[in-house]
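When reading the values below, keep in mind they use all heavy atoms of this one structure, side chains included, and skip hydrogens, waters and symmetry mates.
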Amino acid sequence: MNHRALLHYTGLLLAGLLAGNSFAFVLGMGSAMEKLSAQSYIAFHESMQRSFLAWTPNLCVLLAGVLFVSLIEMHKDWKEPRFVLTFFAWLCVCEELFMTFTGNFPLNRVIYSWRFAGAPDNWADIRSQWLYFMYWRCSVLMTGFSDRKSTRLNSSHTDISR
């Protein structure tokens, strides 16, 4: 297997892991989190964030890097669907990172402050905002993954040894 194919399959694997993780979160935990009391939500959020933050941001940054290197490798084929789809997938991952750092992370800091001060009266609104970002991030990752999957389908008719 050449390095271009290895980059392609690594990108596909990482995109699938992130999209699947996000999809499972939205299906399994999102609706459950909406039903929790303030105290239960704070405890659950803190516990969940510790485990997710241990690996998810690193995986996302790694995927963005792999996709970027793939784009550099394919720069001469910039008019081909595979390049365009990979570029779109890279944009989706960058948008997901942007939403994480500008949406969820600032809200995480607010939610962490509740451990000591207690939840404010508008805690459910903040929870809804946090989940809103999670739902959008999931849709962006699923779109990016479907594009990576499309590049696999489109590349099955081309020679990937170039």
Side-chain angles (χ1 to χ4, degrees), residues 1-35 44-45 47-111 125-162:
M1 181 180 292
N2 63 39
H3 67 284
R4 186 179 272 194
L6 183 62
L7 279 171
H8 175 76
Y9 288 111
T10 301
L12 184 60
L13 174 67
L14 294 174
L17 287 171
L18 280 170
N21 175 60
S22 183
F23 190 65
F25 174 87
V26 166
L27 283 181
M29 289 191 270
S31 61
M33 290 174 80
E34 291 174 356
K35 297 174 182 136
F44 179 75
H45 187 274
S47 175
M48 175 200 55
Q49 286 300 300
R50 257 188 256 124
S51 59
F52 275 92
L53 289 177
W55 62 273
T56 304
N58 295 330
L59 194 59
C60 201
V61 169
L62 179 62
L63 174 57
V66 167
L67 292 175
F68 187 75
V69 171
S70 292
L71 289 169
I72 291 171
E73 282 286 317
M74 294 186 291
H75 77 278
K76 292 180 182 176
D77 303 324
W78 66 273
K79 291 182 182 179
E80 293 188 23
R82 185 172 178 192
F83 181 89
V84 173
L85 292 170
T86 300
F87 181 72
F88 184 74
W90 178 75
L91 286 177
C92 287
V93 172
C94 290
E95 176 63 18
E96 196 277 342
L97 283 168
F98 178 76
M99 284 190 285
T100 298
F101 287 104
T102 61
N104 287 106
F105 281 3
L107 291 171
N108 284 346
R109 286 190 288 278
V110 169
I111 295 166
D125 294 334
I126 294 169
R127 176 188 61 194
S128 294
Q129 289 175 12
W130 191 90
L131 287 168
Y132 172 82
F133 280 109
M134 286 303 297
Y135 297 147
W136 271 107
R137 288 172 52 207
C138 177
S139 65
V140 167
L141 284 173
M142 294 300 291
T143 302
F145 176 65
S146 66
D147 269 355
R148 290 302 299 154
K149 191 70 174 144
S150 297
T151 63
R152 171 68 182 117
L153 296 174
N154 287 331
S155 68
S156 65
H157 301 292
T158 62
D159 177 18
I160 61 173
S161 63
R162 289 189 265 164

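- For residues 25-35, no residue pair satisfies the salt bridge (Lys or Arg N to Asp or Glu O under 4.0 Å) rule, not counting sequence neighbours.
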List, one per line, each side-chain donor-acceptor pair under 3.5 Å for residues 96-104, sequence neighbours excluded.
residue, atom, partner, partner atom, Å
Glu96, OE2, Thr100, OG1, 3.3
Glu96, OE2, Arg137, NE, 2.7
Glu96, OE2, Arg137, NH2, 2.8
Thr100, OG1, Glu96, O, 2.8
Thr100, OG1, Arg137, NE, 2.8
Thr100, OG1, Arg137, NH2, 3.2
Thr102, OG1, Phe98, O, 2.7
Asn104, OD1, Arg137, NH1, 2.9
Asn104, ND2, Trp130, O, 3.1

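- Ring geometry for Trp136 versus Tyr132: interplanar angle over 60°, hence perpendicular rather than tilted (30 to 60°).
- Residues in residues 50-59 take part in these salt bridge (Lys or Arg N to Asp or Glu O under 4.0 Å) pairs, two or more places apart or across chains: Glu46-Arg50.
- Side-chain atoms of Asn2 come within 3.5 Å of backbone atoms of Ala5 as a donor-acceptor pair (strictly under, hydrogens ignored).
- A donor-acceptor distance shorter than 3.5 angstrom exists from the side chain of Arg4 to the backbone of Glu73, with no hydrogens or angles considered.
- Partners of Gln49 by side-chain hydrogen bond (donor to acceptor under 3.5 Å, both in side chains), not counting sequence neighbours, listed by chain and number: Asn108.
- For Phe23, the ring-ring contact (aromatic ring centres under 6.0 Å, His included) test picks out no residue, with sequence neighbours left out.
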Run the numbers on Leu18 and Phe145 for side chain to side chain contact (heavy atoms under 4.5 Å, CB included), then give the verdict.
CA-CA 9 Å; Leu18 280 170; Phe145 176 65; over 6 Å; no
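- Looking at Ser146, its side chain does come within 3.5 Å of a backbone N or O of Thr143 through a donor-acceptor pair.
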Evaluation steps, side chain to side chain contact (heavy atoms under 4.5 Å, CB included), between Met74 and Phe87:
CA-CA 10 Å; Met74 294 186 291; Phe87 181 72; over 6 Å; no
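- We find the CG-SG distance between Leu17 and Cys60 to be 12.0 Å, quoted to the nearest 0.5 Å.
- For the pair Thr56 (side chain) and Leu53 (backbone), a donor-acceptor distance under 3.5 Å is absent.
- Annotation: side-chain contact (heavy atoms from CB on, under 4.5 Å) contacts of Leu62 (sequence neighbours excluded): Leu14, Val66.
- In this structure, the side chain of Ser22 does not engage the main chain of Ala19 through any donor-acceptor pair within 3.5 Å.
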